[in-house]
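In what follows, a structure is listed as structure tokens, so that the remarks can point back to it.
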Amino acid sequence: MCPVHAAADRHVTPRRYKDGSAARGTVGTDSATIALSGRGAAAAAASSRRQQRRAKLRGVVLGCTTSYNGDSFVASDGVLSLGYSNISFASRAAGRFGGRFSYCLVDHLAPRNATSYLTFGPNPALAPAARTACAGTPAAVPGARQTPLLLDHRLRPFYAVTVNGISVDGELLKIPRLVWDIEKGGGTILDSGTSLTVLASPAYRVVVAALSKKLAGLPRVTMDPFEYCYNWTSPSTGEDLAVPVPDLALHLAGSARLQPPAKSYVIDAAPGVKCIGVQEGEWPGVSVIGNILQQEHLWEFDIKNRRLRFMRSRCTQ
């Protein structure tokens, strides 16, 4: 039984995820209490000497699941809604704390003592600490990137960005521009709830062709759900082969580039086996930047100013 005392409870029909998973239950509103994080080592030391500050959010929409099916819920205690919606937890919390929230995802194969984190309000790591002498404008945070955050009603509750192109080893690939155009049935979203990145078919074919060409010297193996997998083990030593992985970059609006670590797109699928961790999506259809491609980056969703900021990070607060 869920520990929720909700007002105006009502049963809702299940909503299905892309993999067919669905949950059924009761939805209502309640208050939620969240802990407020400190800033820096001094704040952390101070918080250990006194009770941690907390804040109460009222009118939060909560659901209590009575039944479910599919793989999405098997290893989960619950789902926290981060989408752009007037009933999502993220929107309620961000509205209380400066219109922003951020998260940092550790490597999906990291040790269990390495943890991702989620914060609400402006993130100090992405907040300019000084102003330029000439114009009095905030100085850029070293390594930080910024691109417009698209809150398009056709893609709600997802957060979208404008992709201008994808390059492999510095060479911009010939991908039809309409793949990235919401008006033409395309577009790109960031989704923390999807593991693998999904590219609409015209983009997928070009990207995997470019990556697989660079990896052509490795023996291919078969492993679902991937199309391109390779035996990465040396037959003589049994160790991983020292094969360079080509650089991949997503070029976003505003001259921002997402350059994920190689392990985020050529991923460890089994001992001695690596796969191109991208899946083919429908066309027309929306491409998805999944959470593995987002890992080891700090992402700040500035809903109020419609900006997405990101930078490489080890995800240590």
Side-chain angles (χ1 to χ4, degrees), residues 82-84 90-91 94 98-105 122-123 125-128 132 135 137-192 194 197-204 206-207 210 247-261 264-265 278 281 283-313:
L82 297 180
Y84 180 59
S91 294
R100 306 181 194 181
F101 72 92
S102 58
Y103 58 71
C104 194
L105 306 177
N123 194 301
L126 287 166
T132 58
T137 57
V141 176
R145 303 287 184 265
Q146 177 175 278
T147 191
L149 184 64
L150 306 181
L151 304 178
D152 193 288
H153 68 91
R154 289 164 293 189
L155 297 180
R156 291 184 72 169
F158 298 106
Y159 302 98
V161 293
T162 297
V163 175
N164 290 333
I166 297 178
S167 63
V168 171
D169 275 349
E171 180 180 351
L172 195 63
L173 304 180
K174 295 181 179 179
I175 299 172
R177 294 188 63 84
L178 54 81
V179 169
W180 316 123
D181 192 341
I182 297 174
E183 302 287 343
K184 303 292 177 57
T188 308
I189 63 171
L190 282 91
D191 185 13
S192 61
T194 299
T197 289
V198 179
L199 295 178
S201 186
Y204 171 84
V206 175
V207 170
D247 294 329
L248 178 75
L250 277 69
H251 302 259
L252 308 178
S255 300
R257 281 190 299 174
L258 171 59
Q259 297 173 283
S264 294
Y265 55 91
V278 180
W283 178 252
V286 176
S287 296
V288 182
I289 300 174
N291 59 45
I292 294 180
L293 203 69
Q294 297 178 44
Q295 67 187 10
E296 295 192 353
H297 278 76
L298 170 61
W299 300 87
E300 183 183 69
F301 295 76
D302 185 346
I303 302 173
K304 181 179 179 180
N305 298 303
R306 301 197 174 196
R307 290 286 184 270
L308 175 71
R309 302 178 184 91
F310 60 95
M311 64 184 296
R312 288 289 289 268
S313 174

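The model shown is predicted, which means the values in this text are computed figures rather than measured ones.
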Quick one: pull up OG in Ser167 and CG in Leu250 and give me the separation to the nearest 0.5 Å.
8.0 Å

Which distance, rounded to the nearest 0.5 Å, do you find between the CG of Leu190 and the CG of Leu293?
9.0 Å

Is any side-chain heavy atom of Leu126 less than 4.5 Å from a side-chain heavy atom of Ser102?
no

Would you say that Ile292 contacts Thr197 through its side chain, given a criterion of any heavy-atom pair below 4.5 Å between the two side chains?
no

Contacts of Leu151 meeting side-chain contact (heavy atoms from CB on, under 4.5 Å) (sequence neighbours excluded), chain-then-number -> Tyr84, Leu149, Tyr159, Ile303, Arg306

How far does OG1 of Thr162 sit from CG of Asp152, to the nearest 0.5 angstrom?
9.5 Å

Is a side-chain donor or acceptor of Gln294 paired with a backbone partner of Ile289 at a separation under 3.5 angstrom?
yes

Please check if the side chain of Asn291 supplies one atom and the backbone of Thr194 the other of a donor-acceptor pair under 3.5 Å.
yes

Are Ser192 and Leu82 close enough, and set up right, to give a side chain to side chain contact (heavy atoms under 4.5 Å, CB included), and what steps lead you there?
CA-CA 8 Å; Ser192 61; Leu82 297 180; 3.9 Å; yes

With rounding to the nearest 0.5 Å, note down the distance linking CZ in Arg312 to SG in Cys104.
10.5 Å

Ignoring hydrogens and angles, write down the donor-acceptor pairs under 3.5 Å from the side chains of residues 173-188, residues two or more places apart or on other chains.
unit_1: Asp181; atom_1: OD1; unit_2: Glu183; atom_2: N; d: 2.8
unit_1: Glu183; atom_1: OE1; unit_2: Arg154; atom_2: NH1; d: 3.2
unit_1: Glu183; atom_1: OE2; unit_2: Arg154; atom_2: NH2; d: 3.1

Keeping to residues at least two apart or across chains, list the salt bridge (charged side-chain N to carboxylate O under 4.0 Å, His left out) pairs with something in residues 163-172.
Asp169-Lys214

Once side-chain contact (heavy atoms from CB on, under 4.5 Å) is applied, do any residues pair with Ala125, and if so which ones, sequence neighbours excluded?
Asn123, Leu298

Please answer whether the main-chain N or O of Ala253 pairs with a side-chain N or O of Thr147 as donor and acceptor at a distance below 3.5 Å.
yes

Sequence-distant partners of His297, ring-ring contact (aromatic ring centres under 6.0 Å, His included), two or more places apart
Trp299

What are the two closest heavy atoms between Gly83 and Ala90, and how far apart are they?
O-CB, 4.5 Å

Evaluation steps, side chain to side chain contact (heavy atoms under 4.5 Å, CB included), between Phe310 and Leu252:
CA-CA 12 Å; Phe310 60 95; Leu252 308 178; 3.9 Å; yes

Exactly one of Pro260, Ser313, Ser264, Pro261 should register a side chain to side chain contact (heavy atoms under 4.5 Å, CB included) with Glu296. Which one does?
Pro261

For Asp302, which residues count as a salt bridge (charged side-chain N to carboxylate O under 4.0 Å, His left out) partner, sequence neighbours excluded?
Arg100, Arg309

